[in-house]
Amino acid sequence: MLAIFHKAFAHPPEELNSPASRNGSRKPKLPEETLMEFMSAHPANTVSMSFGNAAVLAYVPPDRSYPPYQRMFGGFDDIYCLFMGSLNNLNVLNRQYGLAKGSNEAMFVIEAYRTLRDRGPYPADQVVKDLEGSFAFVVYDSKAGTVFAALGSDGGVKLFWGIAADGSVVISDDLEVIKAGCAKSFAPFPTGCMFHSDGGLMSFEHPMNKLKAMPRIDSEGAMCGANFKVDVYSRINSMPRVGSEANWANWESHQ
């Protein structure tokens, strides 16, 4: 899968952008170039949606009888979700959120996002922490122009992100797509973490701890986009809000 968001709609950590991308022989590409290459690699079955200059989502259904994990794409009420992996407690979650028994993981994530967006009773980190299984997802709310992404903590699904030539954020489960499109300005998306375009990156496993950028050098000795790990010695000063105040706004206190 591939998701690209204009820099006006997603604000990743500055440490993801490497100076080596500007100075090296291999330069990052524009979003349209990365999308064309992704679609050329899967010419028969790629599904893509563009939202003007704001965003593009592209999805390739699994092409093997027994893929390593599920990939799915769903949309409802101008909210779109790319989901990879599976949730072991999906039936319980569907009942909790009032969804039909047969609703898949992508539709559940959309409903969970809508609940959070509309000032649900739980903080975002608790909602994501309740998901059991190997998973990664990217949500785009085309009405609000917001991005919400998360990666499970068990490492069963891989996700990568980087910065394109125009500053857009590129997210994909395909490392080669990220490398080709972002040059040195990329890194693995940190496990057990979530990203929101307004609130930034935070750990849903340890929401009271800040994240620390860890410098990353590749085999050529060049500085790449940073890894991010929980800083066990640095805690958030404020307690997370609960009740109807637990909306996206309190995410900013984790930065």
Side-chain angles (χ1 to χ4, degrees), residues 1-22 27-39 47-59 73-83 109-110 113-114 116-119 124 128 136-151 159-174 177-190 193-202 211 213 224-226 228 247-255:
M1 73 88 171
L2 174 68
I4 305 175
F5 303 103
H6 191 274
K7 61 182 178 181
F9 298 95
H11 312 286
E14 293 180 4
E15 296 89 347
L16 192 60
N17 204 345
S18 168
S21 286
R22 297 189 296 270
K27 306 290 186 186
K29 297 177 180 177
L30 292 170
E32 51 267 31
E33 295 177 276
T34 297
L35 176 62
M36 286 182 61
E37 290 182 4
F38 182 82
M39 296 183 70
V47 177
S48 69
M49 291 187 68
S50 293
F51 303 86
N53 294 323
V56 62
L57 304 175
Y59 159 76
F73 177 59
F76 179 73
D77 195 23
D78 296 312
I79 304 168
Y80 302 88
C81 176
L82 292 162
F83 184 94
V109 170
I110 289 172
Y113 167 82
R114 290 176 72 212
L116 285 169
R117 183 194 62 183
D118 299 335
R119 301 174 70 87
V128 181
F137 63 78
V138 179
V139 171
Y140 178 60
D141 183 340
S142 62
K143 262 186 189 172
T146 54
V147 180
F148 179 37
L151 178 63
L159 196 65
F160 306 91
W161 62 340
I163 308 297
D166 66 347
S168 295
V169 181
V170 184
I171 306 175
S172 180
D173 61 334
D174 189 328
V177 168
I178 292 288
K179 281 183 176 180
C182 304
K184 303 294 185 183
S185 293
F186 78 93
F189 194 95
C193 290
M194 57 186 188
F195 171 79
H196 187 268
S197 51
D198 291 334
L201 182 68
M202 69 172 284
L211 290 173
C224 295
F228 293 88
N247 61 3
W248 299 118
N250 78 334
W251 202 325
E252 295 179 1
S253 66
H254 292 76
Q255 304 309 304

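This one's a predicted model, so the numbers in the text were calculated from it and none came from an experiment. Numbers for residues simply follow the sequence, beginning at 1.
Nearest heavy atoms, Val169 versus Ala10: CG2-CB, 3.8 Å. Heavy-atom minimum distance, Ala164 versus Lys29: CB-O, 3.4 Å. Residue Phe189 comes nearest to Ala149 through the heavy atom pair CZ-O, 4.1 Å, listed as atom of the first residue, atom of the second, then distance.
Under the 4.5 Å side-chain criterion, counting only non-hydrogen atoms from C-beta, Met1 is in contact with Leu159. Ile79 is not listed as a side-chain neighbour of Phe148, based on a closest heavy-atom distance of 4.5 Å or more. In this structure the side chain of Val139 never reaches within 4.5 angstrom of the side chain of Phe83, judged on heavy atoms. Using a 4.5 Å heavy-atom cutoff, the side chains of Cys81 and Phe137 are in contact. Two residues are said to be in side-chain contact when any heavy atoms from C-beta on lie closer than 4.5 Å; Phe228 and Pro13 meet this criterion. Contact annotation: the side chain of Trp161 approaches that of Pro12 to within less than 4.5 Å [non-hydrogen atoms, C-beta and beyond].
Summarising the local packing, CG of Asp78 is surrounded by more than 12 heavy atoms from other residues, nucleotides or ligands at distances under 6.0 Å. Residue Lys7 qualifies as open at atom NZ: its count of foreign heavy atoms under 6.0 Å is 12 or below. Within 6.0 Å of the CE atom in Met49, the count of heavy atoms belonging to other residues, nucleotides or ligands exceeds 12.
Taking CZ of Phe160 as the reference point, atom CG of Asp173 lies at 8.5 Å (rounded to 0.5 Å). Taking OG1 of Thr34 as the reference point, atom CG of Asp174 lies at 11.0 Å (rounded to 0.5 Å). Rounding to the nearest 0.5 Å places CD1 of Ile178 at 7.0 Å from CG of Leu2. Separating the SG atom in Cys224 from the CG atom in Asn17 is a distance of 12.0 Å, to the nearest 0.5 Å. Note that CE of Met194 and CG of Leu201 are 9.5 Å apart. Values are rounded to the nearest 0.5 Å. Put simply, CZ on Phe195 and NE2 on His11 are 7.5 Å apart, with the number rounded to the nearest 0.5 Å.
Sorted by first and then second residue, the pairs that involve residues 136-145 and meet side chain to side chain donor-acceptor pair (under 3.5 Å), not counting sequence neighbours, are Tyr113-Asp141, Arg117-Asp141.
For Ser48 (side chain) and Ala58 (main-chain N/O), no donor-acceptor pair under 3.5 Å exists by modelled atom type. Remark: side-chain polar atoms of Ser185 are not paired, donor with acceptor, to backbone N or O of Gly225 under 3.5 angstrom.
In this structure, the side chain to side chain contact (heavy atoms under 4.5 Å, CB included) partners of Pro28, at least two apart in sequence or on a different chain, are Ser21, Ala165, Ala183.
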Test log, rule side chain to side chain contact (heavy atoms under 4.5 Å, CB included), inputs Leu57 and Phe5: CA-CA 9 Å; Leu57 304 175; Phe5 303 103; 4.0 Å; yes

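In summary, the side chains of Asp166 and Ser168 do present a donor paired with an acceptor at a separation below 3.5 Å, with no hydrogens or angles considered.
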